[in-house]
Q: 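Dropping the structure in here first, questions after.
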Number of protein chains: 2
Amino acid sequence: MPLKNKGWIVEVFVTLKASVLDPQGTAVQRALHSMGYTSLTGARLGKYFRLHFIPGLHRTEVEKQARRMCEKLLVNPVIEQYHLKINREGKRSA
Amino acid sequence: MPLKNKGWIVEVFVTLKASVLDPQGTAVQRALHSMGYTSLTGARLGKYFRLHFIPGLHRTEVEKQARRMCEKLLVNPVIEQYHLKINREGKRSA
């Protein structure tokens, strides 16, 4: 199938800003410590979105739309930060 | 700083298996559709962990420990799948 007939997959990684406390991450770290994994020095939790887009869009248009979706709905910019990865469908992701 | 004095960061991406319904993802997709993003054909939601490890471990040992953590605590293998990315601290991640 020609590449331009394939859709896009945008992976969005959302994490709490470094300055924001992450109680869920701390809970995970403590649980793992108490299970004996003492070489763990920290754990933070985030969200991971996989967004599928129709074929026929240009990569820059996909990125523009994805960033707008993040800013309007998926990410809380006060406490969270995000980054994106854009791939054609069918390619091995993150 | 020599590389071996740097710790490790393991990124864990947890997603629902393709055969498992993802109501949260569907809700996100519908919300974005109703906001006018009609080139979106699907959305799935997952979890994203960043685990920090002490320096002085070999990469294979870090991977072994991280996989065990996933199987014992972080991932529900009945409905979820995961993949890992291992990097030295300070390197640009996923």
Side-chain angles (χ1 to χ4, degrees), chain A residues 6-16 18 22 24-25 27-58 61-62 64-75 80 82-85 89 92-94, chain B residues 6-16 18 22 24-25 27-58 61-62 64-75 80 82-85 89 92-94:
Chain A
K6 287 200 171 182
W8 296 93
I9 293 184
V10 180
E11 292 175 292
V12 184
F13 310 91
V14 184
T15 46
L16 287 167
D22 178 3
Q24 271 191 297
V28 164
Q29 189 192 349
R30 283 193 192 155
L32 288 168
H33 253 260
S34 73
M35 289 163 73
Y37 297 106
T38 48
S39 34
L40 194 74
T41 56
R44 287 180 81 83
L45 215 84
K47 281 179 289 180
Y48 171 56
F49 295 95
R50 283 176 75 90
L51 306 173
H52 297 251
F53 285 83
I54 54 170
L57 292 175
H58 196 275
E61 177 61 23
V62 173
K64 210 173 93 188
Q65 288 201 20
R67 286 198 185 276
R68 252 188 281 134
M69 291 176 189
C70 287
E71 279 144 32
K72 298 273 178 205
L73 184 78
L74 306 178
V75 179
E80 292 172 331
Y82 73 96
H83 61 276
L84 300 178
K85 247 183 102 173
E89 239 158 29
R92 177 94 180 79
S93 55
Chain B
K6 287 200 170 183
W8 296 94
I9 292 184
V10 179
E11 293 175 291
V12 184
F13 310 92
V14 184
T15 47
L16 286 168
D22 179 3
Q24 269 191 297
V28 165
Q29 189 191 351
R30 284 192 193 156
L32 288 168
H33 253 259
S34 73
M35 289 162 74
Y37 297 104
T38 48
S39 35
L40 193 74
T41 56
R44 288 179 79 82
L45 215 85
K47 281 178 289 181
Y48 172 55
F49 294 95
R50 283 175 74 91
L51 307 174
H52 297 250
F53 284 83
I54 53 170
L57 290 175
H58 197 272
E61 177 60 24
V62 172
K64 211 174 91 187
Q65 288 201 19
R67 288 197 184 276
R68 254 189 278 136
M69 290 176 189
C70 288
E71 280 144 33
K72 300 273 180 209
L73 184 79
L74 306 177
V75 179
E80 292 173 331
Y82 73 97
H83 62 276
L84 301 178
K85 246 182 102 176
E89 238 157 28
R92 175 98 181 78
S93 55

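In what follows, chains are A, B, ... by sequence order, proteins preceding strands, each numbered from 1.
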Q: Which one wins on heavy-atom pair count under 4.5 Å against chain A: Gln29(B), Met69(B), Glu61(B), Met35(B)?
A: Met69(B)

Q: In terms of ring plane angle, is the pair His83(B) and Tyr48(A) parallel, tilted or perpendicular, where the classes change at 30° and 60°?
A: perpendicular

Q: By a 4.5 Å heavy-atom criterion (distance strictly below it), what part of Val14(A) contacts chain B: side chain, backbone, both, or neither?
A: backbone

Q: Between Gln24(B), Arg68(B), Lys72(B), which shows the greatest number of heavy-atom pairs under 4.5 Å with chain A?
A: Arg68(B)

Q: Does any N or O in the side chain of Ser39(B) come within less than 3.5 Å of the main-chain N or O of Ile54(A), such that one atom is a donor and the other an acceptor?
A: no

Q: Heavy-atom distance under 4.5 Å between the side chains of Thr38(A) and His33(A), does that happen here?
A: yes

Q: What part of Leu57(A) is in contact with chain B, defined as an atom under 4.5 angstrom from a non-hydrogen atom: side chain, backbone, both or neither?
A: side chain

Q: With chain B as the partner, which of Leu40(A), Leu51(A), Val62(A) has the greatest number of non-hydrogen pairs under 4.5 Å?
A: Leu40(A)

Q: Look at atom CZ of Arg30(A) and say whether more than 12 heavy atoms of other residues, nucleotides or ligands are closer to it than 6.0 Å.
A: no

Q: Would you mind reporting whether Arg67(B) and Tyr82(B) have side-chain heavy atoms less than 4.5 Å apart?
A: yes

Q: Counting heavy-atom pairs under 4.5 Å to chain A, which of Ala66(B), Gly46(B), Gly25(B) comes out on top?
A: Gly46(B)

